[in-house]
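See below for the structure under consideration.
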Amino acid sequence: MRVRAVGIALLVVAGVACQTGRPGAEASPAASASAAVSPAASGSPTPTPAISATAQSAQCGQRVTADFLLANDMTCTTDAFVINADNVTLDLGGRTITGPGMGPQTWPLPQLDSVGVRTGGHTNVTIRNGTISQFSTGIYFVDMTKSRIEDVTSERNRFGFYIHASSQNAIRRSTVVGNVYGLHLQDSNDNSIEGNNLIRQTYNSPGGFGIYLYRSTGNRIIENTIENNVNWGIWFSDAKGNTIFHNNVAGNSPQVSDNNPDSNHWYDAEKKEGNWWADYKGTDADNDLIGDTPYGILGPGGAVDAYPFVARDGWKKKTHSTIDHYQPPLARPPREVRLVVVSGGTVGIGRPHDSALAASSVHASSVAVQTDGRTLLALDGKTLTAWDLVGGEPSTRTVAIDDGIVGANRDGVSALIVGPRGAQQIDLVTGQQEFFDYTGVPQELAPSYKHNHIFVATPRGVELLYLNLGGRTPYTVPLDGPAGAMSMNGSGTRIYTAVRGKNVIDVVDTEQYAVVQRIAIDDEATAIAVSPGEDALYVGTANGVLAIDLGNERVRARTSFLGSVVDLAISPNADELYVALAGLQHAVAVLDTVALRTANIIPLQADPTKLLAASY
C-alpha cells in the first residue's frame with residue numbers, strides 16, 4: 001500500500017475564481033471521451049498517445065475526470081485545473097495558463113495558494129503541451145504513480161514543478177525557467193527526468209536551483225540541460241541511489257552539490273559516460289570525448305563524475321567506446337591528531353596519548369579549526385589569532401566585534417565572528433573584511449558549506465544568518481527550548497542541538513529548516529559530537545558520555561567520570577573520542593569510540609572550556 005502524503009488534503013479547492021467564467025466546472029466525460037491509456041505494468045510510465053478529444057473551453061478550478069483538450073488561454077486567481085481521476089490526459093493545447101502571482105515564501109513546504117495543475121493519489125495521469133505561468137506552483141503531484149508531465153513550460157512561478165511523495169513518474173521534454181525553485185522532488189522515488197530544460201531560476205533563499213532532490217532515491221536524471229540557474233544546478237540532500245548522466249550543466253553557481261561519495265551515481269557505469277560540465281578543466285588526450293580525469297562534485301563526500309564529457313551533447317557525437325582512465329582514489333591513511341584545549345583562558349596543544357599538553361602564548365575564549373583541519377582560529381576579546389599547528393607561527397589581528405564567538409567559513413580562507421552587536425567576516429589571505437547587522441545572542445556557530453550563511457544557536461532557536469543578504473536572519477528554526485550545545489554532521493545536512501533544561505536533543509534538517517527528529521536522553525546534554533561516518537552521536541552530560549546509534553537511537557555504550565563533561569571532539573579517523581572534564585576532575589579523557597573505554601587521561605591545571613581535534 002502506498003503511503004499518502006499529508007498534503008493530499010490540500011487538493012480540495014474551494015472558492016476559486018477565473019476571468020473566463022463560472023468556477024469549479026467539471027470536464028464532461030461525454031464531451032471529452034477517448035480511449036483510456038493503460039498504466040505500465042512496472043517502472044516508468046509508457047509514452048502517451050495523442051488524445052482524440054474535442055477541444056473545449058475551460059473555467060478556473062476545472063475538475064478533470066476524463067481526457068480534456070484545452071481550447072482557450074486562462075487567467076486565474078487560484079487553481080486552474082484539478083485532476084480527480086486515474087487514466088486521464090490533460091492536454092493544454094499549446095495554450096497559456098496565467099495565475100495571480102507566486103505568493104509568499106513557504107519553503108520547504110509546497111506553496112499551494114494557487115496551482116496551475118494539481119493532482120494527487122492517482123495513476124496514469126498525463127499533463128502536456130502548454131505554458132503555466134505566475135502561479136505559486138506550476139504543477140503539483142502528490143502521491144502519484146506512473147504519470148507524466150510532457151512538453152510543458154513552467155515559468156515565473158515560485159515552484160516550477162513540485163513532485164511530492166510520488167513514484168515511477170516521468171517528466172519529459174519540458175522547460176522549467178525563471179521560477180524561484182525549479183524542479184523539486186521531495187520523498188519521491190524511481191522517477192525519470194529526461195530531456196528537459198531546467199534553466200535561469202531566480203533567487204529567493206534557498207531557491208535558484210535547477211533541480212532539487214530531498215530524501216529521494218532511484219531517480220534517473222538524463223539528457224537535461226541545467227543551465228544559468230542563480231544557485232545550484234543540481235542540489236541533492238539526503239538523496240541516495242540516483243543516477244545522473246548525459247546532462248549539460250553550465251553557468252550555475254555552484255554547478256552541483258552532493259553529500260556522500262557513494263550515495264549517487266554520476267555516470268552510466270556500463271557505458272562509462274557521465275555529464276558535460278562547462279567548468280571541467282581536464283583534457284581528452286585520446287579523443288574519445290571523455291575527460292581523462294574525473295570531475296569533482298561539490299560536497300564533503302568527495303563524489304566524482306568519473307567520465308565527464310569534454311563537449312556539450314558529447315554523447316550524441318561519440319563514435320566509439322570510452323577508454324577508461326579512471327582509478328578510484330586510494331584509501332586515505334590515518335590522520336595525525338592534535339588536541340586543542342582552552343583551559344584557564346590559555347590554549348594548550350598536545351597529542352592524544354601525551355602525558356601533558358604543551359602550553360602556548362595564545363589566549364582564547366572561543367576557538368575553531370579551518371577546513372584544512374590544521375589552522376586554528378582563536379578569539380580573545382577583539383584579538384583574533386590564526387595559527388597553522390603544523391610548523392606555523394601564530395599571527396594576530398584586531399577585529400571589530402566584541403564579545404563574539406569565532407567560526408571557520410567553509411570557503412577555507414575566511415573567519416567568522418558573531419556577537420550580540422554584529423557579525424564580521426575576514427579573509428585571512430587578503431585581509432578583506434565584511435560587516436553584517438546582527439542582534440541575536442549567539443551560543444554556538446555551525447557554518448554551512450552549501451550556503452553562504454551560518455547556523456547560530458540562540459535562546460530563540462537556531463537562526464540562519466545570511467551573509468549574502470547583509471546579515472539578515474530570515475529563518476529561525478524553533479526548538480523545544482533554548483539552544484545549548486550544538487554539532488553539525490560532516491555532510492552539513494543535520495544539526496544536533498541540546499535543549500537547555502530538557503533531556504532531549506533536537507535534530508534540525510539544514511535544508512528543510514525544521515526539527516525532524518527528537519532524541520530522548522537520560523540527562524541534559526552539555527556537549528555533542530557526531531561521528532565522521534554520521535552513524536553515531538556522542539553526548540556528554542554532567543554524569544558521563546553516551547554513544548547513541550543514529551540508526552535506531554539506542555544507546556550502544558556509556559561511561560562515567562568524576563568530572564562533568566563540558567566539551568567533546570572526535571578524531572577524523574573515527575577511532576577516538578576526546579572528552580573535556582571540569583569540576584571534580586580537570587582533564588581530557590581519550591576514549592575508544594566503540595566501547596568508550598578510557599585509553600588516556602591528560603590532567604589540566606584548570607577547568608577546560610573548549611576542546612577541538614585538529615588534524616593533518
Side-chain angles (χ1 to χ4, degrees), residues 1-14 16 39-40 44-45 61-65 68 76 78-90 92 97 99 102-103 105-128 132 135-150 152 154 157-172 174 176 179-193 196 209 211-219 237-239 242 509 511-512 514 516:
M1 179 182 294
R2 287 182 286 127
V3 178
R4 293 178 182 267
V6 174
I8 208 167
L10 297 171
L11 288 168
V12 178
V13 181
V16 295
S44 297
Q62 186 97 30
R63 273 70 163 178
V64 178
T65 57
F68 189 89
C76 301
T78 54
D79 292 355
F81 287 96
V82 179
I83 299 175
N84 287 335
D86 297 342
N87 306 318
V88 166
T89 293
L90 171 60
L92 299 177
I97 305 172
M102 63 180 58
Q105 172 72 275
T106 60
W107 177 270
L109 300 176
Q111 179 27 293
L112 301 177
D113 286 358
S114 64
V115 181
V117 183
R118 75 165 84 197
T119 181
H122 297 295
T123 190
N124 194 35
V125 168
T126 298
I127 303 166
R128 60 158 35 144
I132 302 173
F135 285 87
S136 297
T137 297
I139 294 177
Y140 181 56
F141 270 17
V142 59
D143 195 31
M144 296 291 292
T145 61
K146 298 179 181 176
S147 297
R148 309 154 199 81
I149 300 171
E150 300 174 340
V152 173
S154 182
N157 307 290
R158 185 166 291 279
F159 288 92
F161 300 147
Y162 198 117
I163 312 302
H164 192 185
S166 298
S167 62
Q168 300 180 18
N169 302 292
I171 301 173
R172 298 187 284 236
S174 293
V176 179
N179 306 281
V180 172
Y181 309 106
L183 171 54
H184 183 122
L185 275 71
Q186 179 111 354
D187 296 303
S188 293
N189 304 327
D190 303 314
N191 300 286
S192 174
I193 315 298
N196 303 286
F209 56 76
I211 180 170
Y212 171 59
L213 271 67
Y214 175 74
R215 212 161 51 196
S216 299
T217 188
N219 300 287
S237 178
D238 273 9
N242 302 287
D509 186 302
E511 316 294 6
Q512 300 292 292
V516 295

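Everything quoted here is computed from the prediction, not taken from an experiment.
- The two residues L92 and F81 come nearest to each other via the heavy atoms CD2-CE1, 4.1 Å.
- The closest donor-acceptor contact from the side chain of S216 to the backbone of D187 lies under 3.5 Å.
- The two residues S166 and D143 come nearest to each other via the heavy atoms OG-N, 3.2 Å.
- Once rounded to the nearest 0.5 Å, the distance linking CZ of R128 with CD1 of I149 reads 13.0 Å.
- For the pair R63 (side chain) and G61 (backbone), a donor-acceptor distance under 3.5 Å is present.
- Between the side chain of N169 and the backbone N or O of N191 there is no donor-acceptor pair closer than 3.5 Å.
- With rounding to the nearest 0.5 Å, the separation of CD1 in I171 from CG in L183 is 4.5 Å.
- The two atoms that bring R172 and R148 nearest to each other are NH2-CD, 3.5 Å, heavy atoms only.
- From N242, atom CG reaches atom OG1 of T217 across 5.5 Å, with rounding to the nearest 0.5 Å.
- Salt bridge annotation for D238-R215: absent, with no cationic side-chain nitrogen under 4.0 angstrom from a carboxylate oxygen.
- In this structure, CG in N87 is found 10.5 Å from NE2 in H122, a value given to the nearest 0.5 Å.
- Annotation: ring-ring contact (aromatic ring centres under 6.0 Å, His included) contacts of F135 (sequence neighbours excluded): none.
- For the pairing with H184, the ring-ring contact (aromatic ring centres under 6.0 Å, His included) check across F141, Y140, F159 returns one residue only, F159.
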Practice prompt. Just do the side chain to side chain contact (heavy atoms under 4.5 Å, CB included) check on V117 and I132 with the steps written out, would you?
Written response: CA-CA 9 Å; V117 183; I132 302 173; 4.1 Å; yes
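- Counted by atom type alone, T145 and T123 present one or more donor-acceptor pairs between their side chains at under 3.5 Å.
- For the atom pair OG1 of T137 and CG of D79, the computed distance is 9.5 Å after rounding to the nearest 0.5 Å.
- Here the straight-line distance linking atom CD of Q105 with atom CD of Q111 works out to 8.5 Å at 0.5 Å rounding.
- Looking only at distances, no side-chain donor or acceptor of S188 sits under 3.5 Å from a matching main-chain atom of S167.
- Smallest separation of non-hydrogen atoms from A85 and V125: O-CG2, 3.5 Å.
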Item to complete: Let me see the working for I83 and I127 under side chain to side chain contact (heavy atoms under 4.5 Å, CB included), right down to the final yes or no.
Response: CA-CA 10 Å; I83 299 175; I127 303 166; 3.9 Å; yes
Practice prompt. Please test W107 against V180 for side chain to side chain contact (heavy atoms under 4.5 Å, CB included), starting from the C-alpha separation and ending with a verdict.
Written response: CA-CA 11 Å; W107 177 270; V180 172; over 6 Å; no
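- Nearest heavy atom pair, residue G138 against residue S154, reads CA-OG, 3.8 Å.
- The minimum heavy-atom distance between Q512 and D509, with the atom names listed, is N-OD1, 2.9 Å.
- Here the side chain of R158 pairs no donor or acceptor atom with the backbone of T106 at under 3.5 angstrom.
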Practice prompt. Please step through side chain to side chain contact (heavy atoms under 4.5 Å, CB included) for the pair T119 and I139, ending with a clear verdict.
Written response: CA-CA 8 Å; T119 181; I139 294 177; 6.0 Å; no
